[in-house]
Trainee: 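Could you have a look at this structure, given as structure tokens, before my questions?
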Amino acid sequence: MNERQRLANLLRNCSKNLLLDQGMQAHGTVMKMGLGFDLMLSNDLIDMYGKCGRTGMACAVFDRMPERNVVSWTALMCGYLQNGNAKGSLSLFSKMGLSEIKPNEFTFSINLKASGFVGIAENGMQIHNMCTKSGFEWVTVVSNSILDMYTKCGRVSEAARMFNVMPVKNLITWNAMIAGYTLKGNGERALLLFRQMQGMGEVPDEYTITSTLKACSGLGAIRQGSQIHSSLITRGFLCSVRTMIAGALVDLYVKCSHLTEAQRIFDQIEQKNLVSWSALILGYAQECNLLQAMDLFRQLRVSIHHQVDGFILSSLMGVFADFALVEQDEAEKLFNETPVRNVISWTIMITGYGKHGLGRKSIRLFHQMQSEDIEPDGVTYLAVLSACSHSGLVEECQEYFSRLCHDRWIERNVEHYACMVDLLGRAGRLKEAKNLIDSMPLKPNVGILQTLLSACKVHGDLEIGREVGETLLRLDGGNPVNYVMLSNIYAEAGYWKECERLRKLFKMKGLKKEAGRSWVEIDKEVHFFYNRDETHPLTEKIHQKLKEMEQRIKSEIGYVHGVRFALHDVEEESKEESLRVHSEKLAIGLALVCGEVEKGHKTIRVFKNLRVCGDCHVFIKGLSKVLKVVFLVRDANRFHKFENGLCSCGDYW
DNA sequence: CTAGGGTTAG
């Protein structure tokens, strides 16, 4: 074997096994031997550098070549694509179009994949056209790539058309189509196809199984999912491809809330990968079992086999934010540790700060991500808008909204408008909010109308409130919340007859308000309370404590009951009494009785399933001042951070 | 010598 061939084999081996150092050495030898201009060796070098993540070097080799063939171009594009630079590959593709060299099936499939990555269908369709004209369309690899490109660009029906007319299908064709349906939330279709392919004697592989399991978990189809699971066991499939499928199985049971089964499978996995770890950790977090989730995370960190990645760190950031741990800067620490931050990890972080009323920090991150060349998408905009709105940053919010409107790559949805309605509503600019809804190019949904109605309630706007409220009763007549809000508005305006009418309607429809429930964690034990709950053994002491606190607040800062908040509930409640026994107050009372303050805790965390009542809001503000303690209350709507007599929500709960 | 399909996060 001559030296040239030996070097080529060496380079291919380095490329295959990602041996950068050895590859660079071989590069040196190539140059020393005077083979720097050899076409085949240069192509191998481009491939090797691309695979090893050195696109700069690949590019340098490419640029120095006196002549290039289609392989040189394609290898470089592939390098770009595999290192996440899909646009780079596409621009090389257009550059190549200006040269004499014609693309082949390899070039096409790489750039179809790149188009799918970028997600713009028009771009991919152009390449599809070129495939048709050059006769590559029905080369199976190319048709598969076209099909996949369409699903990634959200054109599932185009993909299905391709699937139906393809003269030759292979396993990859089926897999791509099943994955496409799954990705676009059409799980039923995916399962149908899965059965169909088996009916045609096609044998599924690990790709098929993982996509199909994902379809099941998306549908919450535990029965079908576990059927596949058991068929895997009987066919002995699990032994050979355990790690591949395990993540999807863990996720399936997690999504269906079968944590015990998820844990059981997880324990059986011999080589656990990060996917299964993160699926299980998030499963526990989703069940509000923060202790178990954190414990698993600690185990993951000390296990030597795993380098914690950006994916799991950013998921956990979201968990921390939801459990109000942003205060301890846990999420921020994780964020700084995250090796590769993408648009999702940034968005999680922006959302986290937004939920805690730290709008300025959200804005700072929003700019920082762009300075690091990560482009925001629709969800990012939603995060920053909602952060601004929750922090009352009116001008900023309007500015980002108009930026969003001018960005033609991002689709606006009702949620974006709902943020603006919330913002205007807080500011008492209800007419403008109403106009925005009336003039927006989208159909208003129940959520945005409820946002407006709730603003009407806060500002006591009868005129708009009545109109929106009555609309909501028509659109969403089964939802108790609408009755309560509207009847509050009527009552405050003194429209008692209307109140009575709503109360009757409410009873007639057999509706029930969701029972208010709060909980607090003390010494690693969670205590739950309903309104008027007297089942806790310390109930008497709790009532005593609350009375004592009321007195203190009254005498020290002149607190009065905000009785208006309880006056007009649809169900009858005695005012004074009901105010004293709201579940959130009981939970706080218990924390005080148990001496959480004396133990030196600076922060007391309370959770509530509904929104915090207005009177309790006033009360907790007072408490935070006289006790010099921070209360962090997570309710159905947002976090409230009570500190020194003020609340982060600026009294707009 | 270059290529196509899957699992965990907002």
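Numbers restart at 1 for each chain; the letters A, B, ... are given by sequence-line order, proteins then strands. No experiment lies behind these values; they were computed from the predicted model shown.
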Trainee: Show the numbers, then the answer: is there a salt bridge (charged side-chain N to carboxylate O under 4.0 Å, His left out) between A:Asp251 and A:Lys255?
Mentor: CA-CA 6 Å; A:Asp251 180 56; A:Lys255 293 268 161 60; 2.8 Å; yes

Trainee: Check every strand shown and say whether A:Lys255 touches a base, only sugar-phosphate, or nothing at a heavy-atom separation below 4.0 Å.
Mentor: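 A:Lys255: backbone/sugar contact only, no base atoms under 4.0 Å.
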
Trainee: Which is true for A:Leu274 with a 4.0 Å heavy-atom rule: it touches a base, it touches only sugar-phosphate, or it touches nothing?
Mentor: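 Base, at least one base atom sits under 4.0 Å.
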
Trainee: Taking atom types as modelled, is there a side-chain donor on A:Ser145 or A:Asp148 under 3.5 Å from an acceptor on the other?
Mentor: no

Trainee: Is there a side-chain contact between A:Thr55 and A:Asn85, using heavy atoms and a 4.5 Å cut-off?
Mentor: no

Trainee: Could you tell me whether A:Thr208 contacts a base, only the sugar-phosphate backbone, or nothing, with contacts defined as non-hydrogen atoms closer than 4.0 Å?
Mentor: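 No contact.
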
Trainee: Check every strand shown and say whether A:Lys272 touches a base, only sugar-phosphate, or nothing at a heavy-atom separation below 4.0 Å.
Mentor: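 Counting heavy atoms under 4.0 Å across all strands, no contact is made by A:Lys272.
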
Trainee: Give one of base, sugar-phosphate or nothing for A:Ile344, where a contact means two heavy atoms less than 4.0 Å apart.
Mentor: base

Trainee: Counting any heavy atom closer than 4.0 Å, what does A:Ser211 reach on the DNA or RNA strands: base, sugar-phosphate only, or nothing?
Mentor: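 Sugar-phosphate only.
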
Trainee: Could you tell me whether A:Thr380 contacts a base, only the sugar-phosphate backbone, or nothing, with contacts defined as non-hydrogen atoms closer than 4.0 Å?
Mentor: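 Touches a base.
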
Trainee: Which part of the nucleic acid, if any, lies within contact of A:Val343, taking any heavy atom under 4.0 Å across all strands shown: a base, the sugar-phosphate backbone alone, or nothing?
Mentor: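 If one applies the 4.0 Å heavy-atom cut-off, A:Val343 turns out to touch a base.
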
Trainee: Quick check for you: name the first and last nucleotides of DNA chain B, 5' to 3', having an atom under 4.0 Å from a heavy atom of chain A.
Mentor: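 Going 5' to 3' along DNA chain B, contacts run B:dC1 to B:dG10.
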
Trainee: For A:Lys169, report the nucleic acid contact type (base, sugar-phosphate, nothing); a contact means any heavy atom under 4.0 Å.
Mentor: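 A:Lys169: no heavy atom of the nucleic acid under 4.0 Å.
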
Trainee: Given A:Tyr381, which partner from the list A:Tyr417, A:Trp346, A:Phe366, A:Tyr400 fulfils the ring pair (Phe, Tyr, Trp, His ring centres under 6.0 Å) test?
Mentor: A:Phe366

Trainee: Donor-acceptor pair, A:Asn17 side chain versus A:Asn13 backbone, under 3.5 Å?
Mentor: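 It does hold such a pair.
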
Trainee: Please confirm whether A:Phe163 and A:Trp174 have ring centers closer than 6.0 angstrom.
Mentor: yes

